[in-house]
Amino acid sequence: MKTNIKWAVVAMSLWVASCSTGYKHLKTSKETGFSVRNYQTFDLQYTFPEGADTLAPRFAESKQLATKMITGNMAGKGLVKSDNPELMVNLSVQLQEKTQTRATDFRTDGLPRYMGQRRYSWKSEEIEVGKYQEGTLILDVIDTKNDKLVWRSGVKGILPDNTAKAEAGLTAAINELMGKLQ
């Protein structure tokens with residue numbers, strides 16, 4: 001009996017770990033009285049930092065995937081893509097290259113050496129361990145008739161090096177963001 005309970009706990013923890021998204025949701029803001037159902041047309045525009053195509057691996061494919069996901073979700077909400085839209089969906093991406101560091105420790109990085117003088121010391125320092133990219137994706141929905149921001153939400157997270165994981169994360173993030181858009 002106890003073995004079955006242990007296996008059930010292990011299975012549940014693996015399931016929960018596999019369902020974790022790996023990104024953090026940013027605050028969603030919505031204009032009072034806004035509903036997607038009050039609009040019939042939309043269009044997409046993009047705001048990318050200069051050089052984003054060189055920072056992110058497979059940038060063009062990710063942009064295509066995001067466009068496909070947003071267009072599909074908006075069509076599912078009954079909106080049609082148009083050159084003269086009522087709603088403008090702005091996809092904004094920000095990328096930052098960051099450095100992962102760790103503090104040195106005399107237990108792992110060696111003891112201070114005696115130099116024959118009494119004023120020797122050992123200081124902890126930050127050393128570079130690796131580099132990674134952190135990305136922020138923000139979706140803005142703008143009412144073009146009133147030129148007013150009516151909805152905004154976003155996600156922030158570390159971009160995985162694995163292309164399949166990156167595409168799965170992008171798909172999950174956009175689906176979750178678009179699910180909040182009502």
Exercise for review: List the steps, then state whether salt bridge (Lys or Arg N to Asp or Glu O under 4.0 Å) holds for Glu31 with Lys148.
Suggested key: CA-CA 9 Å; Glu31 187 69 28; Lys148 188 174 186 180; 3.1 Å; yes
Practice item. Quick one: do Lys77 and Arg37 satisfy side-chain contact (heavy atoms from CB on, under 4.5 Å)? Show the steps, please. Key: CA-CA 7 Å; Lys77 295 178 187 307; Arg37 293 180 203 98; over 6 Å; no
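Residues Leu26 and Leu170 do not share a hydrophobic cluster, clusters being chains of Ile/Leu/Val/Met/Phe/Trp/Tyr side chains in contact below 4.5 Å. Residue Leu139 is not grouped with residue Leu149 when hydrophobic side chains (ILVMFWY) are merged at heavy-atom distances under 4.5 angstrom, including chains of intermediate members. Two different hydrophobic clusters hold Val36 and Ile142 under the rule that ILVMFWY side chains link at heavy-atom gaps under 4.5 Å. In the hydrophobic clustering of this structure, Met88 does not group with Met74; members are Ile, Leu, Val, Met, Phe, Trp, Tyr whose side-chain heavy atoms approach within less than 4.5 Å, directly or through other members.
A salt bridge between Asp140 and Arg152 is present, with a side-chain N of the basic residue lying under 4.0 Å from a carboxylate O of the acidic one.
Counting non-hydrogen atoms of neighbouring residues, nucleotides and ligands closer than 6.0 angstrom, the NZ atom of Lys30 exceeds 12 such neighbours. Within 6.0 Å of atom CD in Gln64, 12 or fewer heavy atoms from other residues, nucleotides or ligands are found, so the atom counts as exposed in its surroundings. More than 12 heavy atoms of other residues, nucleotides or ligands shown are found within 6.0 angstrom of CG on Asn146. No more than 12 heavy-atom neighbours from other residues, nucleotides or ligands sit within 6.0 angstrom of NZ on Lys165. Heavy-atom contacts from other residues, nucleotides or ligands closer than 6.0 Å to NZ of Lys68 number 12 or fewer.
In this structure, CD1 on Ile70 lies 8.5 Å from CZ on Phe42, to the nearest 0.5 angstrom. Interatomic distance, Leu159 CG to Thr136 OG1, rounded to the nearest 0.5 Å: 9.0 Å. Rounded to the nearest 0.5 Å, atoms CG (Leu79) and CG (Asn73) are 11.5 Å apart.
Counting heavy atoms from C-beta on, the side chains of Glu134 and Lys156 come closer than 4.5 Å. For the pair Ile138/Val155, no side-chain contact is recorded, criterion being any heavy-atom separation below 4.5 Å from C-beta on. Looking only at side-chain heavy atoms (C-beta outward), Glu128 and Arg102 stay at 4.5 Å or farther from each other. By the 4.5 Å heavy-atom criterion applied to side chains, Gln182 and Trp151 are not counted as neighbours. Inter-residue side-chain proximity for Leu91 and Leu44 is flagged as unmet; no heavy-atom pair is nearer than 4.5 Å. Side-chain contact between Lys131 and Glu97 is present, with at least one heavy-atom pair separated by less than 4.5 Å. Within the 4.5 Å cutoff, the side chain of Leu87 has no heavy atoms near those of the Asp43 side chain. Using a 4.5 Å heavy-atom threshold, the side chains of Thr171 and Asn175 count as touching.
When all heavy atoms of Leu65 and Glu167 are compared, the pair lying nearest together is CD2-O, 3.9 Å. Pairing each heavy atom of Ser82 with each of Thr41, the nearest pair is CB-CB, 3.7 Å. Residues Gly154 and Leu177 come closest through the heavy atom pair N-CD2, 3.7 Å. Closest of all the heavy-atom pairs between Leu181 and Phe34 is CD1-CE2, 3.7 Å.
Under the side chain to side chain contact (heavy atoms under 4.5 Å, CB included) criterion, Gln40 pairs with Glu86, not counting sequence neighbours.
A side-chain N or O of Tyr46 and one of Thr67 form a donor-acceptor pair less than 3.5 Å apart. Side-chain atoms of Thr28 and Ser153 include a donor-acceptor pair closer than 3.5 Å.
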